[in-house]
Asks: 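One structure, as C-alpha cells, below. Some questions next.
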Amino acid sequence: MLKQAVGLGAGLAAAHLLGGEASAAPRIRSGTFTTDDGVALNYLEAGRGEPLLLLPGWSQSAAMYRAQILAFARHYHVFVLDWRGHGESEKVDHGYRMARFSRDLYEFLRGMRLKHVTALGHSMGCGVLYSYWDNYGGQHLDRLILVDVGPAMTIWPDWSAEEAVEAGALFTPQALYDTAAALRGPDGLATTQGLVASLFSPGYPADLLALVIEENLKLPREYAAKLLVDQAAQDWRDVIPRIDVPTLVVGGEVSIFSPISQQWVADHIPGAELIIFSAEEGGSHFMWLENPEKFNEDVLDFLC
C-alpha cells in the first residue's frame with residue numbers, strides 16, 4: 001500500500017536549521033509506505049533520475065538529511081526512509097531488529113519499483129544494508145555508500161586488542177545492556193542527550209545539537225533500547241567480503257568508530273574507496289551534518 005502526500009511532513013518543521021533554506025529547490029515531498037505487517041513508514045523524496053536511497057542510523061530521522069536531499073536531488077531521484085518507530089513513521093511495538101528492518105527495506109524497494117539503486121547508509125543504516133545483503137543478496141542495489149560504523153560493535157571476551165579496534169567495537173556485553181537499560185529507564189532523556197552529544201565534535205552548535213536530539217527522541221526510548229541491543233550484537237565480518245558492487249566507505253578521524261575499522265571495511269570489499277574526514281573537517285560520527293558541503297561533494301564525486 002502506498003500513499004503519496006504533498007509537502008514536507010511534520011518532521012521537517014524545524015529542519016531548515018540542519019541544512020538549506022526552506023524555500024530552496026528542489027521540492028521535497030513526503031509519502032507513506034505500508035509494510036506487509038501493517039506498519040506505515042514515512043519517507044521523503046525529491047528530484048528525478050536514477051534512484052539514490054538514504055538510510056538513517058539508529059534513532060535518527062529522514063528530516064536530518066535535508067542538506068543531502070537538496071544537494072543530491074539536483075542529480076538523482078532521492079528517497080530517505082524513516083525506519084519503523086523513527087521520525088514520522090508509525091510507533092509500533094514490534095520489529096525492532098536488523099532482520100525486520102532489512103525486510104522493510106526489501107519491501108520498500110519492491111513496492112516502490114526501485115531498481116539499480118545506490119544506497120547510502122549511515123551507522124545502523126549500514127547494518128541494515130549488511131542484513132539486506134545477507135538475506136536478499138543485494139537485489140536491486142547497484143552501488144553502496146557505507147558511512148561510519150564498525151563491522152562488530154560488541155567485544156567478545158577472547159578478542160585481542162587489535163581485533164577489537166579493527167571491528168570498531170564500542171561495548172562489552174555488560175556495557176551494552178547497561179546502556180540499553182539506562183535508555184529505557186527514568187534517566188532515558190539524559191542518557192540520550194549524553195549519547196548523542198558524544199557523537200559530535202565539541203564545537204558543534206548547541207542549537208543544532210538540540211534539534212538532532214529532538215529528532216532522536218521521536219523513537220520511543222523502550223524501542224530505542226531494544227534496537228540498540230540487536231544492532232550492536234551483530235557481527236557483519238562474514239557478510240562484508242561478499243559485497244560485490246562499487247562501494248564508498250566514509251569515516252571520521254575523531255569518530256567513535258576508529259578509522260582503522262573503516263579501513264578494514266574498505267579492505268574487505270573488492271575495489272572499495274575510502275574517505276576519512278579529518279578532525280578539522282568535522283570528522284565525527286556525524287561528519288555529514290558537521291561538514292555537509294564536503295560530504296555531499298565527496299558522494300557526488302563517487303557517483304559521477
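Values below: all heavy atoms of this structure, side chains included; hydrogens, waters and symmetry mates excluded.
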Asks: Specify whether F286 and W288 have parallel, tilted or perpendicular ring planes, treating 30° as the upper limit for parallel and 60° as the lower limit for perpendicular.
Replies: tilted
Asks: Is R237 paired with E163 through a side-chain N to carboxylate O contact shorter than 4.0 Å?
Replies: yes
Asks: Can you check whether A279's main-chain N or O pairs, donor with acceptor, with E253's side chain at less than 3.5 Å?
Replies: yes
Asks: Pick out which of M287, Q68, E297 makes a side-chain contact (heavy atoms from CB on, under 4.5 Å) with P292.
Replies: Q68
Asks: When rounded to the nearest 0.5 angstrom, what is the spacing between CG in L129 and OG in S102?
Replies: 9.5 Å
Asks: L54 and side-chain contact (heavy atoms from CB on, under 4.5 Å): which partner among L120, T118, V147?
Replies: L120
Asks: Is W264 reachable from V254 through a run of I, L, V, M, F, W or Y residues, each pair having side-chain heavy atoms under 4.5 Å apart?
Replies: no
Asks: If two hydrophobic side chains count as joined below 4.5 Å and joins carry through other members, does I240 share a cluster with W156?
Replies: no
Asks: Where does the angle between the aromatic ring planes of Y223 and Y96 fall among parallel (under 30°), tilted (30 to 60°) and perpendicular (over 60°)?
Replies: parallel
Asks: List the atom of R97, the atom of L227, and the distance in Å for their closest heavy-atom pair.
Replies: N-CD1, 4.0 Å
Asks: For the residue pair S131 and W236, what are the closest heavy atoms and their distance?
Replies: CB-CH2, 3.6 Å
Asks: Do the charged groups of D298 and K294 touch, with an N to O distance under 4.0 Å?
Replies: yes
Asks: Please step through side chain to side chain donor-acceptor pair (under 3.5 Å) for the pair Q234 and Y130, ending with a clear verdict.
Replies: CA-CA 10 Å; Q234 307 296 327; Y130 296 151; over 6 Å; no
Asks: Picking from K218, E215, E88, what satisfies side chain to side chain donor-acceptor pair (under 3.5 Å) with S61?
Replies: E215
Asks: Does the gap between the ring centers of Y136 and Y132 come in under 6.0 Å?
Replies: yes
Asks: With under 30° as parallel and over 60° as perpendicular, where do the rings of F101 and H86 fit, or are they tilted in between?
Replies: perpendicular
Asks: Check the hydrophobic clustering (I, L, V, M, F, W, Y; side-chain heavy atoms under 4.5 Å; chains of links allowed) and say if I155 and Y177 are grouped together.
Replies: no
Asks: Which pair of heavy atoms, one from Y65 and one from Q60, lies closest together, and at what distance?
Replies: OH-OE1, 2.9 Å
Asks: Would you indicate whether R242, at its atom CZ, is surrounded by more than 12 heavy atoms from other residues, nucleotides or ligands within a distance under 6.0 Å?
Replies: yes
Asks: Check F257, F200, Y204 against H285 for a ring pair (Phe, Tyr, Trp, His ring centres under 6.0 Å) and give me the one that passes.
Replies: F257
Asks: Applying salt bridge (charged side-chain N to carboxylate O under 4.0 Å, His left out), can you list everything that pairs with E90, at least two apart in sequence or on another chain?
Replies: none
Asks: Can you confirm whether or not the ring centre of F108 sits under 6.0 Å from the ring centre of Y43?
Replies: yes
Asks: Counting only N and O atoms by type, is there a donor-acceptor contact under 3.5 Å from the side chain of S59 to the main-chain atoms of N216?
Replies: yes
Asks: Where do L300 and H75 land on the side chain to side chain contact (heavy atoms under 4.5 Å, CB included) test, with the steps shown first?
Replies: CA-CA 9 Å; L300 290 172; H75 310 276; 3.9 Å; yes
Asks: More than 12 foreign heavy atoms under 6.0 Å from CZ of F302: is that the case here?
Replies: yes
Asks: So E222 and K91, salt bridge (charged side-chain N to carboxylate O under 4.0 Å, His left out) or not? Walk me through it.
Replies: CA-CA 11 Å; E222 177 183 358; K91 316 304 179 192; over 6 Å; no
Asks: Mind listing the closest non-hydrogen atom pair of S89 and D82 along with its distance?
Replies: OG-O, 2.8 Å
Asks: Answer yes or no: does atom CZ of R184 have more than 12 heavy-atom neighbours from other residues, nucleotides or ligands under 6.0 Å?
Replies: no
Asks: Minimum heavy-atom separation for K115 to P51, with atom names?
Replies: O-CG, 3.3 Å
Asks: Linking I/L/V/M/F/W/Y whenever any side-chain heavy atoms sit under 4.5 Å apart, do I276 and V165 land together?
Replies: no
Asks: Minimum heavy-atom separation for V245 and I269, please, with both atom names.
Replies: O-CG2, 4.4 Å
